[in-house]
Amino acid sequence: MRICCIGAGYVGGPTMAMIAAKCPHVRVDVVDLNSERIAAWNSKDLPVYEPGLDDIVSQARGKNLFFSTEVRQAIHESDIVFVSVNTPTKTYGIGADRAADLRHVEAVARTIAETADRPKIIVEKSTIPVRTAEVIQTILKNNGMGLNHQVLSNPEFLAEGTAIRDLSSPDRILIGGEANDEGHRAVETLAGVYATWVPRERIITTNLWSSELSKLVANAFLAQRISSINSISALCEATGADVDEVARAIGTDSRIGSKFLKASVGFGGSCFQKDVLNLTYLCGHFGLPEVSAYWEQVIQMNEWQKRRFTSQVLKALFNTVCGKRIGIWGFAFKKDTNDTRESPAIGVCRQLLAERAKLAIYDPKVSAAQIRADLGLPPNDTSVEICTSAEAAADQSHAVLVLTEWDEFREVDFTAVHARMMKPAWLFDGRNVLDHELLRQTGFRVRAIGKDPSPSTSHSSWTA
Ligand code: NAD
Ligand code: UGA
């Protein structure tokens, strides 16, 4: 059997590397139009930073895993074609800022229709709006060689930073197919690939539309939990409750569960916002404005949380950060990834730059060029310094803002950092990862998400 995957990104690369490593009898070709990205996949500096990825790629690359720009050849030679291209939020025309932009999916469907000279199994791996398989089927039927291709939905649930763990031991594999004999056979063929290492009971099969919709809904539910706990973080700060204690107290209820209840400066990443927006658009499209408005609040709360964080920084620093150096610890949207897409750090930094702060940014995995591009800085900019250590970013700063929960931030010598900061030295923990009591004893003024801003003073009761 031969498999190819169109799109060598954060999903296509790791997912196919896992299939190749687990199925040595299957040849896997990962293809992309972006030749730089392909060159990086073929080098020792992979384009994606992901713990454990290097090992798994080096196990299979050159044996049964190949990266190239030969899209048509790979389609031609494969039995199963995964489509793992980007499906960003549309930025123009009808549905701008909400609907998914499906032009890459459509382009790939057309290329497959023109290239395939025998029936193939086409697998939607990209996250797409419900009923996209119908679009792909229509393009294949009308532009191809009269062949009966099968379109399956097989959404990916990996999270960045834990992709290898998620891929090697997934909670479930979801496969949706057409409800007829050919559809069932195609689903079984794909299920057989995963069954090489995933227990059969974890492979769920559904109809096409349930599978497509489940992916959007899974992301919406996860994002909703973060917005819910973040909304409560504001109430905790006002009342003296502690959001981590509340999360623990509610999370031990097995009906609620403990995961995705970590309050933060806001969720980021390429998918949560995009997929919730897409869900709101679909609801509007299908005449369900109340459902759309319900999910819209998940995004609104996330935006508010980021603004609220920056406002607290501004207020603490005597309502002006103009000309003040601020240390930024972490720029990636979460730890253990170099991905900055929709990172909350981008919004917070932009708001501080609009207030004319001088930023000293350190992230262990994100490149200086990426940070500058994300902040839209001109080449001659002097408002941002990219530092090579957390200590350097804190040096002479009025405040340090923890925006990504990198483990190394816990290991910093805070006494030494405090000594080299401007006073009063502020620490804003946007991820609740540091020991706030110890920091206060060291001399820092500390603000953290959902924590009492002045723990020594007692709060007045609302009934007073
Ligand atoms: P990405 O931007 O990292 O990669 C997409 C790749 O597709 C790019 O390298 C691009 O050059 C390539 N591409 C676009 N059009 C092409 C074409 N016509 N022919 C060949 N290559 C083409 O995106 P990603 O993060 O890997 O996400 C891909 C899809 O998976 C999205 O729909 C996303 O929502 C979904 N997803 C992402 C994650 C994640 O953690 N990033 C997790 C689950 C699902
Ligand atoms: C998320 C989902 O977890 C994956 O299942 C899904 O496949 C993927 O989106 C996708 O479709 O792209 P990812 O965005 O990589 O994965 O990472 P998450 O761990 O979900 O974190 C997303 C954001 O939420 C990060 O900014 C993270 O810091 C934040 N977060 C997460 C919180 O603020 N609190 C939490 O409790 C959990």
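Order of listing sets the numbers, starting from 1, for every ligand and every atom in it.
- Distances shorter than 4.0 angstrom occur between a heavy atom of Arg431 and an atom of ligand 2.
- The residue among Asn34, Thr69, Leu33, Thr87 with a heavy atom at the shortest distance from atom 32 (O) of ligand 1 is Thr87.
- Checked by distance only, ligand 2 and Thr127 stay at 3.5 Å or farther apart across all their nitrogen or oxygen atoms.
- Within the structure, salt bridge (charged side-chain N to carboxylate O under 4.0 Å, His left out) pairs that include any residue of residues 75-88 comprise Arg2-Glu77, Asp79-Arg118 (at least two apart or interchain).
- When only non-hydrogen protein atoms are considered, atom 36 (O) of ligand 2 lies nearest to Lys262 N, 2.9 Å.
- The closest non-hydrogen atom to atom 42 (C) of ligand 1, taken over Thr111, Val48, Val11, comes from Val11.
- The protein heavy-atom contact nearest to atom 8 (C) of ligand 2 is Leu158 O, 3.5 Å.
- Using a 4.0 Å heavy-atom cutoff, Asn219 is listed among the residues neighbouring ligand 2.
- With a 4.0 Å cut-off on non-hydrogen atoms, Thr162 does not touch ligand 2 at all.
- Comparing Glu160, Lys215, Glu106 against atom 41 (N) of ligand 1, the shortest heavy-atom distance belongs to Glu160.
- Heavy atoms of Arg225 stay at 4.0 angstrom or farther from ligand 2.
- Between Gly268 and ligand 2, at least one pair of N/O atoms sits closer than 3.5 Å.
- On a distance-only criterion, Tyr10 and ligand 1 share at least one N/O pair closer than 3.5 Å.
- Remark: ligand 2 and Glu405 share no N or O pair separated by less than 3.5 Å (distance only, no angle test).
- Taking atom 17 (O) of ligand 2 as the reference point, the nearest protein heavy-atom neighbour is Lys334 NZ, 3.3 Å.
- Below 3.5 Å of separation, one finds an N or O of Thr127 facing an N or O of ligand 1.
- At a heavy-atom distance under 4.0 Å, no atom of Pro155 approaches ligand 1.
- Short contacts between ligand 2 and Phe267, defined as distances under 4.0 Å to a heavy atom of the residue, involve ligand atoms 23 (C), 24 (O), 26 (O), 29 (C).
- Of the polar atoms of Phe333, at least one N or O is found under 3.5 Å from an N or O of ligand 2, judged by distance alone.
- Of the protein's non-hydrogen atoms, the one nearest atom 1 (C) of ligand 2 is Phe272 CE2, 3.4 Å.
- The nearest heavy-atom contact from the protein to atom 30 (N) of ligand 2 is Ile226 CD1, 3.4 Å.
- An N or O contact shorter than 3.5 Å links Phe157 to ligand 2 by distance.
- In this structure, Glu296 pairs ionically with Arg98, as a charged nitrogen and a carboxylate oxygen lie closer than 4.0 Å.
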